[in-house]
Student: 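Here you go, one structure.
All values below were derived from every heavy atom in this structure, side-chain atoms included, with hydrogens, water molecules and symmetry-related copies excluded. Small disclaimer: the values here were computed from a predicted structure and weren't measured.
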Amino acid sequence: MTSEGGGRTRLMFRMAAHWLGHGTLDMLFPPSCQLCGVETDVSGGVCSVCFGRLTPITQPFCVKCGAPQASEAYLNAERWCAKCERHPPVWDHARAAFLYDKGARDLILQLKYADRQENARFLGKRMWQAGQALFTPDCLVVPVPVHRMRLLKRRYNQAALLAWEVARLAGVPCRPDGLARTRATSRLAGFSRRERQEEMARAIVVRAPYAELISGKEVVLVDDVLTSGATATACTNALLQAGARSVSVLVAAEVPSQKEIDLDFPILETT
């Protein structure tokens, strides 16, 4: 083959690769719902039926913990719920895209344990939409960390995948390894609030190379589920001790408080 012919062949391969990368894969493998598998118009989403199984958190909600409220009357002048008035979380604000019901649970557990990393695209977009008020031009996105042994086993941190997607949509930097889990903590399901706090005490630290970067920043802490807040509290305390100006929490789903004791509704908090 002449050099001219080889050049044309390489060009054709490059054009084919470009073509495949911009839509042909959707022809070969049509986009499908992340939950039920039925064909959809857009990749990385859910069908209308499955979207109906999800419960987005909308107004009114507590701006401090992100929990939905039955009425505006349950919020004070600062838009805090009675629970946050009695026991304010250490973070500044919290937002959640969905309630942790069956639809959201399935998406999150697939992402977390079934290697369905593509679910981070859908969940991250909804998180960004729910939490846009948390972002400033100078903020920094940091995910809740996993212990290195769990990371070796799972191969990825689902909170980091969500953080990358959220940061991309918000146009702000992300530091997926800004925090470290110094020891392998137990799963918190079934623990009392005090036991959860004790289990997470001193389990999270800011990695030394990022301490200066975090100092003075408004940090958006990202995780998949907010249950008791023990993990988010440990992360927030570490960030504040490193000099963060503020910390807000953004999650894919929030567990209604009454669900924490429902044994038929598994809560798998800990990253």
Student: Verify side-chain contact (heavy atoms from CB on, under 4.5 Å) between Leu75 and Glu72, making sure each step is shown before the conclusion.
Tutor: CA-CA 6 Å; Leu75 300 171; Glu72 295 278 353; 3.9 Å; yes
Student: Is there a path of hydrophobic side-chain contacts, each under 4.5 Å between heavy atoms, that joins Val249 and Ile57?
Tutor: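 Hydrophobic grouping puts Val249 apart from Ile57.
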Student: How about Val251 and Val225: do any of their side-chain heavy atoms sit closer than 4.5 Å?
Tutor: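 No - every pair of side-chain heavy atoms lies 4.5 Å or more apart.
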Student: Consider only side-chain heavy atoms of I, L, V, M, F, W and Y, link residues closer than 4.5 Å, and tell whether Val219 and Val205 are in one cluster.
Tutor: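 Shared cluster, no.
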Student: Where do Asp92 and Ser246 land on the side chain to side chain donor-acceptor pair (under 3.5 Å) test, with the steps shown first?
Tutor: CA-CA 7 Å; Asp92 290 82; Ser246 67; 4.5 Å; no
Student: Are Tyr113 and Tyr100 linked, directly or through other ILVMFWY residues, by side chains that come within less than 4.5 angstrom of each other?
Tutor: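 Yes, because Tyr113 and Tyr100 connect within a single hydrophobic cluster, where side-chain heavy atoms sit under 4.5 Å apart.
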Student: With side chains defined as the heavy atoms from C-beta onward, is the minimum distance between Leu250 and Phe135 less than 4.5 Å?
Tutor: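 Side-chain contact under 4.5 Å: yes.
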Student: Please check if the side chain of Arg207 supplies one atom and the backbone of Asp177 the other of a donor-acceptor pair under 3.5 Å.
Tutor: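 Yes; at least one donor-acceptor contact below 3.5 Å.
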Student: Mark yes or no for whether Lys64, through its side chain, and Trp91, through its backbone, hold a donor-acceptor pair below 3.5 Å.
Tutor: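 Judged by distance alone, yes, a pair lies under 3.5 Å.
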Student: Once you round to the nearest 0.5 Å, how far does CZ of Arg175 lie from CD1 of Ile214?
Tutor: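 One gets 9.5 Å once the value is rounded to the nearest 0.5 Å.
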Student: Report yes if the side chains of Leu226 and Val255 come closer than 4.5 Å at any heavy-atom pair, otherwise no.
Tutor: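 Result no, sub-4.5 Å side-chain heavy-atom pair not found.
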Student: Okay, side chain of Asn157, backbone of Val144: is any donor-acceptor separation there less than 3.5 Å?
Tutor: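 Here the side-chain-to-backbone pair exists.
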Student: Quiz question: by atom type and distance under 3.5 Å, do the side chains of Gln117 and Asn119 form a donor-acceptor pair?
Tutor: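 Judged by distance alone, the side chains do not pair up.
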Student: Are Asp224 and Leu111 close enough that some pair of their side-chain heavy atoms sits under 4.5 Å apart?
Tutor: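 No, side chains not in contact.
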Student: Say whether Leu99 and Trp128 are linked into one hydrophobic cluster, either directly or through other cluster members, by side-chain heavy-atom distances under 4.5 angstrom.
Tutor: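 Unlinked, Leu99 and Trp128 end up in two clusters.
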Student: For Glu212, look at atom CD and say whether over 12 heavy atoms of other residues, nucleotides or ligands are found less than 6.0 Å away.
Tutor: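 No, because the 6.0 Å sphere around CD of Glu212 holds 12 heavy atoms or fewer from other groups.
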Student: Where the side chain of Thr182 meets the backbone of Ala203, is there a donor-acceptor pair that is under 3.5 Å apart?
Tutor: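 Yes: the side chain of Thr182 pairs with the backbone of Ala203.
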Student: Stepwise, does the side-chain contact (heavy atoms from CB on, under 4.5 Å) test hold for Leu54 with Leu107?
Tutor: CA-CA 10 Å; Leu54 298 166; Leu107 282 170; 4.0 Å; yes
Student: Would you call the rings of Phe51 and Phe122 parallel, tilted or perpendicular, taking 30° and 60° as the class edges?
Tutor: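 The rings of Phe51 and Phe122 stand perpendicular, inter-plane angle above 60°.
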Student: Please step through side-chain contact (heavy atoms from CB on, under 4.5 Å) for the pair Arg95 and Phe61, ending with a clear verdict.
Tutor: CA-CA 9 Å; Arg95 297 288 188 277; Phe61 58 81; 3.6 Å; yes
Student: List the atom of Val166, the atom of Gly124, and the distance in Å for their closest heavy-atom pair.
Tutor: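 Distance-wise, the nearest heavy atoms are CG2-O, 3.7 Å.
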Student: How far does CG of Leu239 sit from OG of Ser248, to the nearest 0.5 angstrom?
Tutor: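 Separation between the atoms: 11.0 Å.
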Student: Just verifying a value: how many Å separate Arg150 CZ and Tyr156 OH, rounded to the nearest 0.5 Å?
Tutor: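 Separation between the atoms: 13.0 Å.
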Student: Which heavy atom of Leu179 sits nearest to which heavy atom of Pro143, and what is that distance?
Tutor: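 Shortest heavy-atom contact: CD1-O, 3.9 Å.
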Student: Is the shortest heavy-atom distance from the side chain of Leu134 to the side chain of His93 under 4.5 Å?
Tutor: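 Yes, their side chains come closer than 4.5 Å.
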Student: For the CD atom of Glu85 and the CG atom of Asn76, what is their distance to the nearest 0.5 Å?
Tutor: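 Reported to 0.5 Å precision, the distance equals 4.0 Å.
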Student: If hydrophobic clusters are built from ILVMFWY residues whose side chains come within less than 4.5 Å, do Trp164 and Val142 share one?
Tutor: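 Looking at the clustering, Val142 is in a separate group from Trp164.
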Student: What distance separates Lys102 NZ from Cys50 SG, expressed to the nearest 0.5 Å?
Tutor: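 So the gap between those two atoms works out to 9.5 Å.
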Student: How far apart are the closest heavy atoms of Leu221 and Cys235, and which atoms are they?
Tutor: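 Of all heavy-atom pairs spanning Leu221 and Cys235, the closest is CD2-CB, 3.5 Å.
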Student: Can you name the closest pair of heavy atoms from Val220 and Cys139 and give their distance?
Tutor: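 Smallest interatomic distance, heavy atoms only, reads CG2-SG, 4.4 Å.
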Student: Using 4.0 Å as the upper bound for N to carboxylate O, is an ion pair formed by Arg168 and Glu165?
Tutor: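 Counted as a salt bridge, because a side-chain N and a carboxylate O are separated by less than 4.0 Å.
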Student: Got Thr231 and Arg181 here, is their nearest side-chain heavy-atom distance under 4.5 Å?
Tutor: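 Yes - at least one pair of side-chain heavy atoms lies under 4.5 Å apart.
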Student: Less than 4.5 Å apart, side chain to side chain, heavy atoms only: is that true for Gln129 and Lys125?
Tutor: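 Sidechains of Lys125 and Gln129: in contact.
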Student: Looking only at side chains, do Arg79 and Gln69 share a donor and an acceptor under 3.5 Å apart?
Tutor: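 There is no such pair between these side chains.
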Student: Applying side-chain contact (heavy atoms from CB on, under 4.5 Å), run through Val63 and Trp80 and close with a yes or a no.
Tutor: CA-CA 6 Å; Val63 300; Trp80 289 20; 3.9 Å; yes
Student: For the atom pair CG (Asp138) and CZ (Arg245), what is the distance rounded to the nearest 0.5 Å?
Tutor: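 Those atoms lie 6.0 Å apart.
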Student: Taking all non-hydrogen atoms of both residues into account, name the closest pair between Leu123 and Ala252 and its distance.
Tutor: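 It is CD2-CB, 4.3 Å.
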Student: Work out which heavy atom in Thr136 is nearest to a heavy atom in Val172; give both atom names and the distance.
Tutor: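 In this case the closest contact between Thr136 and Val172 is O-CG1, 3.7 Å.
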